[in-house]
Amino acid sequence: MAFKISDDCISCGACAGGCPCDAIAEGASHFEIDPEKCCSCGACAAGCPVEAISED
């Protein structure tokens, strides 16, 4: 199951740097995860300083 970034995201980019699947990119209002690329490893959630990432 892919992870999802909530509106609590502060656009710091920590999640994108920690993603081994290159599934995270900056969106219009915050970073977003491409569910087709997400390998559900959880590295992004572990690196998020505001806990804005959870399993969808």
Side-chain angles (χ1 to χ4, degrees):
M1 187 174 293
F3 281 73
K4 185 174 183 176
I5 301 176
S6 74
D7 290 337
D8 294 335
C9 174
I10 58 172
S11 297
C12 69
C15 58
C19 180
C21 303
D22 197 31
I24 303 173
E26 192 166 5
S29 60
H30 58 72
F31 277 77
E32 297 176 356
I33 299 173
D34 181 343
E36 298 294 318
K37 292 182 178 181
C38 180
C39 63
S40 300
C41 68
C44 57
C48 181
V50 294
E51 299 178 359
I53 304 173
S54 62
E55 285 187 275
D56 190 24

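It should be emphasised that the depicted structure is a prediction, and the values quoted were computed from it without experimental measurement. Count residues from 1 along the sequence.
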Is the closest side-chain heavy-atom distance between S6 and S54 below 4.5 Å?
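No. Closest side-chain heavy atoms not under 4.5 Å.
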What residues join V50 in its hydrophobic cluster, counting side-chain heavy atom gaps under 4.5 Å, either direct or through other members?
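Grouped by the 4.5 Å side-chain rule, I10 form the rest of the cluster around V50.
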Compile the donor-acceptor pairs under 3.5 Å between side chains in residues 24-45 and protein atoms, sequence neighbours left out, one pair per line.
from	atom 1	to	atom 2	distance (Å)
H30	NE2	D7	OD1	3.1
D34	OD1	E36	N	2.9
S40	OG	M1	N	3.3
S40	OG	M1	O	2.3

What distance separates I5 CD1 from C48 SG, expressed to the nearest 0.5 Å?
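The SG atom of C48 is 7.5 Å from CD1 of I5, to the nearest 0.5 Å.
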Show which side-chain atoms of residues 13-22 pair as donor or acceptor with protein atoms under 3.5 Å away, not counting sequence neighbours.
none

